[in-house]
Amino acid sequence: MPKIDDYIPIVGRSVSDELKLLGEKLTSRVVQHINSTPVGGGVAEILNRMVPLLRELGVDTRWDVIKGGEQFFEVTKKFHNALHGRKEEFTQHDFDIFMETSRKNIEEVSTYGDIVFVHDPQPIALIEKRANNKWLWRCHIDVSNPDKTVWNFLMNFIVRYDSAVFSSPSFSQKLSIRQFLIAPSIDPLSDKNRELPQEDIDAVLKKYSIPKDKPIITQISRFDRLKDPLGVVESFQKVSRYIDCRLILAGGTAVDDPEGMQVLAEVQEKAKKDNNIHILLLPQNDFEVNALQRASTIIMQKSLKEGFGLTVAEALWKAKPVVASNVGGIPLQIKHKYSGLLCHSVDGAAFALKQLLNSPKYAQKLGENGREHIKNNFLLTRHLRDYMLLFLSLYHAEDVVYL
């Protein structure tokens with residue numbers, strides 16, 4: 001696991017020194033993160049990297065995970081989709097299932113932190129246990145146009161927190177509590193993002209029987225309808241009529257996402273007659289994700305909704321040209337025609353792919369600009385700084401804070 005000083009060659013010594021100073025101011029506080037899964041998805045990925053570094057900086061940081069059965073996660077997945085604006089049908093039984101599991105977690109989960117940092121809707125009802133400590137609710141979801149039924153239900157809990165944290169200004173809601181705007185980040189020294197020798201990249205392609213004989217377009221995401229893998233296949237098919245290329249659709253599933261295997265089956269069915277499409281169900285293997293991204297000519301992220309889209313930052317950090325949807329937190333990372341290309345449809349994505357495949361120098365320049373943008377704005381060291389400032393701010397009265 002990297003140490004804080006290992007980041008100095010990337011971000012500079014002044015950043016490392018500032019983090020250590022902030023850590024000294026928090027040595028008397030216990031910070032407790034609580035979410036719904038230890039693996040799978042961006043929240044678990046960030047916490048896996050962040051918690052050890054906060055501890056190194058002197059911040060006593062813990063991480064606990066709530067429990068939930070299949071029915072609970074089916075309901076919270078519906079919540080997730082509805083908060084992203086997708087039409088879902090809810091019954092009182094859905095809310096009863098959510099509250100039944102929440103009551104069990106309220107009984108079983110100890111909320112011992114001076115600062116209790118609750119991530120997303122699944123553990124939100126733990127606020128019932130609030131005592132003489134500080135509570136934060138971190139929303140990683142694009143709630144710019146949420147389903148009102150679900151949002152109003154969650155508001156009963158949200159307003160009891162000290163503050164809420166969103167990833168993008170467009171997600172901010174009218175609340176009676178303070179709001180902080182903090183974008184997620186990637187760790188440049190993780191197995192998913194560190195530099196790899198060419199032989200390692202080639203070995204992963206060989207493992208999955210992917211030849212290097214033509215350009216490779218790749219999307220790496222959970223098999224989730226909101227990531228629009230079927231739309232990725234359609235875009236690729238429109239391009240491959242004119243330009244010989246390959247598509248890799250790779251990803252896994254998360255414990256709290258019961259739809260994943262069903263979506264995977266739909267994608268496999270749509271792509272089964274095309275030998276240039278490679279559908280990979282990856283284990284939790286960051287090294288292989290890194291290799292596949294580095295082997296790619298272009299990275300896609302054609303999400304229909306997106307809280308942030310860490311895969312975009314990962315690709316840009318590797319100086320890869322990216323074609324991504326103009327949704328959620330993606331425009332924070334991609335400035336159109338400067339650090340990538342944004343699209344709004346299957347046809348738009350196909351047009352952008354053809355443009356980049358036909359203009360490799362332009363594609364290279366977009367990738368170079370993208371890497372610099374990620375370095376300046378979306379690395380883990382900036383995220384650590386923002387969170388420590390957030391923790392300190394809980395003991396000082398402000399209105400809205402942009403970190």
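Given the structure is predicted, the values throughout are model-derived calculations rather than measurements. Computation of the quantities below employed the complete heavy-atom set of this structure, encompassing side-chain atoms and omitting hydrogens, waters and symmetry-equivalent molecules.
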*Arg246-His278 side chain donor-acceptor pair, cut-off 3.5 Å*: yes
*asked:* Check whether Asp6 reaches the backbone of Pro2 with its side chain - one donor and one acceptor, N or O, closer than 3.5 Å.
replied: no
*Are the side chain of Gln237 and the backbone N or O of Asp274 linked by a donor-acceptor pair below 3.5 Å?*
no
*Just by modelled atom types, is the Lys67 backbone N or O under 3.5 Å from a matching donor or acceptor in the Asn105 side chain?*
yes
*asked:* Taking side-chain hydrogen bond (donor to acceptor under 3.5 Å, both in side chains) as the criterion, tell me which of Ser168, Ser167, Ser172 meets it with Ser170.
replied: Ser168
*When you check the gap from the basic side-chain N to the acidic O, do Asp202 and Lys206 get nearer than 4.0 Å?*
no
*asked:* Angle between ring planes, Phe153 versus Phe157, binned at 30° and 60°: parallel, tilted or perpendicular?
replied: perpendicular
*Got a salt bridge between Lys77 and Glu74, using NZ or NE/NH1/NH2 to carboxylate O under 4.0 Å?*
no
*Name the orientation class of the two ring planes belonging to Phe117 and Phe391 (parallel below 30°, tilted from 30 to 60°, perpendicular beyond 60°).*
perpendicular
*Between the side chain of Arg29 and the main-chain N/O of Gly113, is any donor-acceptor distance below 3.5 Å?*
no
*Is the NZ or CZ atom of Lys134 positioned over Tyr395's six-membered ring, under 6.0 angstrom from the centre and within 45° of the axis?*
yes
*In terms of the angle between their ring planes, are Trp137 and Tyr161 parallel, tilted or perpendicular, with boundaries placed at 30° and 60°?*
tilted
_Is the ring pair Phe378/His373 parallel, tilted or perpendicular, if the boundaries are 30 and 60 degrees?_
perpendicular
